[in-house]
Amino acid sequence: MTSQIDGCGFVKWQKATIFLSSTFNDMHAERDYFIKEIFPELNSWAKMHKIQTAYIDLRCENTEEIENNGAVATSLKHIDKSRPFFLCFIGQRIGWIPNFEIDIDEETKYKYPSIKKLIDNKSITEIEIEHSLFHPLSQS
């Protein structure tokens with residue numbers, strides 16, 4: 001993230017969004033600790049450097065969006081919005097394993113052509129990790 005100068009010579013504010021990933025049934029304490037303890041400190045530091053911070057925690061996401069767009073599509077969309085800031089808490093569970101034919105809508109298949117290989121009997125948490133690390137930004 002590099003500083004940009006506006007027309008008057010002032011440093012423009014930058015934005016950094018962090019995507020939080022983990023299975024929904026694990027890591028509640030760790031996610032809560034990040035949100036309540038670490039994020040406020042990070043936010044204070046970032047403000048001093050003209051960086052506006054935010055985080056995406058799908059536990060708090062609009063469940064209607066997840067149901068209508070599908071959990072996988074919602075995750076991939078938010079990961080793309082928050083690149084390169086991806087934070088994953090991994091525990092003992094692997095999480096829900098989506099079915100390509102049932103759980104992935106046509107729009108998601110079109111927007112993310114590599115989705116079939118990405119899913120390949122993996123949990124949504126594994127899909128999020130692989131998408132954040134190995135797949136290029138979508139062309140949206």
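Both backbone and side-chain heavy atoms feed into the values below; hydrogens, waters and symmetry mates do not. As the structure is a prediction and not an experimental result, all values here were calculated from the model. Numbers for residues simply follow the sequence, beginning at 1.
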- request: Take Ser44 and Glu41 through the side chain to side chain donor-acceptor pair (under 3.5 Å) test and state the conclusion after the steps.
  value: CA-CA 5 Å; Ser44 294; Glu41 282 189 45; over 6 Å; no
query: Does atom NZ of Lys109 have more than 12 heavy-atom neighbours from other groups under 6.0 Å away?
result: yes
field: Steps toward side chain to side chain contact (heavy atoms under 4.5 Å, CB included) verdict (Thr53, Thr17)
entry: CA-CA 6 Å; Thr53 57; Thr17 302; over 6 Å; no
- request: Taking the side chain as every heavy atom from C-beta outward, state whether Leu58 and His78 have any pair of such atoms under 4.5 Å apart.
  value: yes
field: Spacing of NZ belonging to Lys81 relative to NZ belonging to Lys15, to within rounding of 0.5 Å
entry: 8.5 Å
field: Matching residue for Tyr112 among Asp80, Ile104, Leu118 - test: side chain to side chain contact (heavy atoms under 4.5 Å, CB included)
entry: Asp80
query: Under a single-linkage definition using a 4.5 Å side-chain heavy-atom cutoff for Ile, Leu, Val, Met, Phe, Trp and Tyr, are Ile38 and Ile18 assigned to the same hydrophobic cluster?
result: yes
statement: Rounded to the nearest 0.5 angstrom, the CE-CZ distance for Met27 and Arg93 is 10.5 Å
- line: The reported gap from CD in Glu101 to CD1 in Ile119 (rounded to nearest 0.5 angstrom) is 9.5 Å
query: Phe100 and side chain to side chain contact (heavy atoms under 4.5 Å, CB included): which partner among Asp120, Ile115, Val72?
result: Ile115
query: Under 4.5 Å between side-chain heavy atoms, hopping through other hydrophobics if needed: is there a path connecting Leu133 to Ile79?
result: yes
- prompt: Is Ile127 close to Pro98 at the side-chain level, that is, under 4.5 Å between some pair of heavy atoms?
  reply: yes
query: Does Gly91 offer a backbone N or O that forms a donor-acceptor pair with the side chain of Asp26 under 3.5 Å?
result: no
field: Donor-acceptor pair between Asp105 and Tyr110 side chains, under 3.5 angstrom
entry: no
Check: Thr23 and Ser123 side chains under 4.5 Å, non-hydrogen atoms: no
- request: For the pair His131 and Arg83, evaluate side chain to side chain contact (heavy atoms under 4.5 Å, CB included) and give the outcome as yes or no after the intermediate values.
  value: CA-CA 11 Å; His131 181 70; Arg83 288 183 190 271; 3.2 Å; yes
Donor-acceptor contact present, side-chain Asp103 to main-chain Asn99, <3.5 Å: yes
- prompt: Less than 4.5 Å apart, any side-chain heavy atom of Phe34 and any of Leu87?
  reply: yes
Residue pair Leu20 / Ile56, side-chain heavy-atom distance below 4.5 Å: no
message: Which residues pass the ring-ring contact (aromatic ring centres under 6.0 Å, His included) test with Phe19, not counting sequence neighbours?
response: Phe86
field: Results of side-chain hydrogen bond (donor to acceptor under 3.5 Å, both in side chains) for Thr125 - residues two or more places apart only
entry: none
Residues in side-chain hydrogen bond (donor to acceptor under 3.5 Å, both in side chains) contact with Glu130, at least two apart in sequence or another chain: Lys122
- request: Please test Ser22 against Arg31 for side chain to side chain donor-acceptor pair (under 3.5 Å), starting from the C-alpha separation and ending with a verdict.
  value: CA-CA 9 Å; Ser22 75; Arg31 289 169 88 127; 2.4 Å; yes
task: Would you kindly confirm whether Tyr33 and Phe85 end up in one hydrophobic cluster when ILVMFWY residues are joined by side chain heavy atoms under 4.5 Å apart?
output: yes
